[in-house]
Asker: 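Just dropping this structure here.
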Amino acid sequence: MAQAKPQERDRPLLEARGVVYRYGAISALRGVDLHVDRGEAVCVIGPNGAGKTTLARVAGGLYRPAEGALLVDGEPLSRRPHEAVARGVGSVLEGRHLFVEQTVRTNLELGCYHGKVPKAVVAERLEKVMELFPVLRKRAGQQTSTMSGGEQQMVAVGRALMAEPEVLILDEPSMGLSPKITGEVFDALAALRAGGLSILLIEQNAPLAFELADRGYLLRQGSVVVEGSIEELTGDDVVRSAYLGA
Ligand SMILES: Nc1ncnc2c1ncn2[C@@H]1O[C@H](COP(=O)(O)OP(=O)(O)O)[C@@H](O)[C@H]1O
Ligand SMILES: [Mg+2]
């Protein structure tokens, strides 16, 4: 990849600016400011109903803000479907949205669907995903519904990676997974991060999120109530009492 020009390096890869999102009369996001810089792993923690999934969907370009803007590399997203993916924003959604009757390989290949990706490139990307998650190589020809929840989460992450995102958004990747599988998924995320991928991790499990992230936000009732480095968050009384059992 070409070196980013200085001004490109200075502006966030992904930025929510005053984002408001409503479901009818319910305001799920009430003016959220958040950004992810190149090479950063940023987490968003918060209780049930805080607006985390809504934020993940806005950040991934699936929902359009009612007010404010979502900027990718300083430019707002248009209404074109799949634009976010084409502009380097990958999402791993809650519920995963896999085609469970299809094979693992097909699900992964579908991650390239938005563009005309040459077959050889698809094969290369598939190889990288299978290196990251060796179990997917073993199960490539298997129907996805036969995989465990953790393995399906790996398929979902792998599928997002097939589009070669610059930033990966994950909505509660640990949800419903055993500690062992969660560890494997998070080890893979740490490896991706070390390889330069930027990450926006939405996660209720704060200790887990804090292991991966450089920085974070606490979202509550649709607003950011605390933000800072992991050190700052760990020292914050609200965060400590509600999320770290301190
Ligand atoms: N499809 C929907 N229709 C109406 N209200 C919704 C919908 N999805 C979420 N909400 C509401 O929006 C708020 C934020 O939800 P959500 O983003 O799912 O929070 P979280 O992921 O933090 O649990 C909650 O009050 C929730 O009830
Ligand atoms: Mg949620």
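Counting starts at 1 for both ligands and their atoms, following the listed order. Heavy atoms only: backbone and side chains are in, while hydrogens, waters and symmetry mates are out. Residue indices begin at 1 and follow the sequence shown.
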Asker: Work out which heavy atom in Gly111 is nearest to a heavy atom in Ala163; give both atom names and the distance.
Answerer: O-CB, 3.4 Å

Asker: Can you tell me which portion of Ile26 lies within the under-4.0 Å heavy-atom range of ligand 1? Options are side chain, backbone, both, or neither.
Answerer: side chain

Asker: Out of all atoms in ligand 1, which are within 4.0 Å of some heavy atom of Thr53? Include the element for each.
Answerer: 17 (O), 18 (O), 20 (P), 21 (O)

Asker: Non-hydrogen atoms of Gly49 versus ligand 1: any pair closer than 4.0 Å?
Answerer: yes

Asker: Do any of the N, O or S atoms of Asn48 sit under 2.8 Å from the Mg ion (ligand 2)?
Answerer: no

Asker: Does ligand 1 have any atom that is closer than 4.0 Å to a heavy atom of Gly222?
Answerer: no

Asker: Can you establish whether the number of heavy atoms outside Gln221 located under 6.0 Å from its atom CD is more than 12?
Answerer: no

Asker: Which residue owns the protein heavy atom closest to atom 15 (O) of ligand 1, what's the atom, and how far is it?
Answerer: Thr54 OG1, 4.0 Å

Asker: For atom 19 (O) of ligand 1, what is the closest protein heavy atom, and at what distance to 0.1 Å?
Answerer: Gly51 N, 3.1 Å

Asker: For Leu13 and Glu166, work out which heavy atoms get closest and say how close.
Answerer: CD2-O, 3.8 Å

Asker: Of all the atoms in ligand 1, which lie at a distance below 4.0 Å from a heavy atom belonging to Ala50?
Answerer: 19 (O), 20 (P), 22 (O)

Asker: Hey, are Arg11 and Glu75 close enough for a salt bridge, meaning a charged N less than 4.0 Å from a carboxylate O?
Answerer: no

Asker: Over all heavy atoms of both residues, which pair between Arg125 and Cys112 is shortest? Give the atoms and the distance, please.
Answerer: NH1-SG, 3.9 Å

Asker: Could you list which atoms of ligand 1 come closer than 4.0 Å to a heavy atom of Pro47?
Answerer: 22 (O)

Asker: In the protein, which heavy atom is nearest to atom 9 (C) of ligand 1, and how far is it?
Answerer: Tyr23 CE1, 3.4 Å

Asker: Scan the protein's non-hydrogen atoms and note whether one is under 4.0 Å from atom 4 (C) of ligand 1.
Answerer: yes

Asker: Does the side chain of Gln204 come within less than 4.5 Å of Asn48's, by heavy atoms?
Answerer: yes

Asker: Quick check on contacts: which atoms of ligand 1 are under 4.0 angstrom from a heavy atom of Asn48?
Answerer: 23 (O)

Asker: Taking atom 27 (O) of ligand 1 as the reference point, report whether a protein heavy atom occurs under 4.0 Å from it.
Answerer: no

Asker: Taking atom CG of Leu177 and atom OG of Ser148, what is their separation to the nearest 0.5 Å?
Answerer: 8.0 Å

Asker: In plain terms, say whether Lys180 and Glu184 are close enough for a salt bridge, that is, a side-chain N and a carboxylate O under 4.0 Å apart.
Answerer: yes

Asker: Please answer whether the main-chain N or O of Asp37 pairs with a side-chain N or O of Glu40 as donor and acceptor at a distance below 3.5 Å.
Answerer: yes

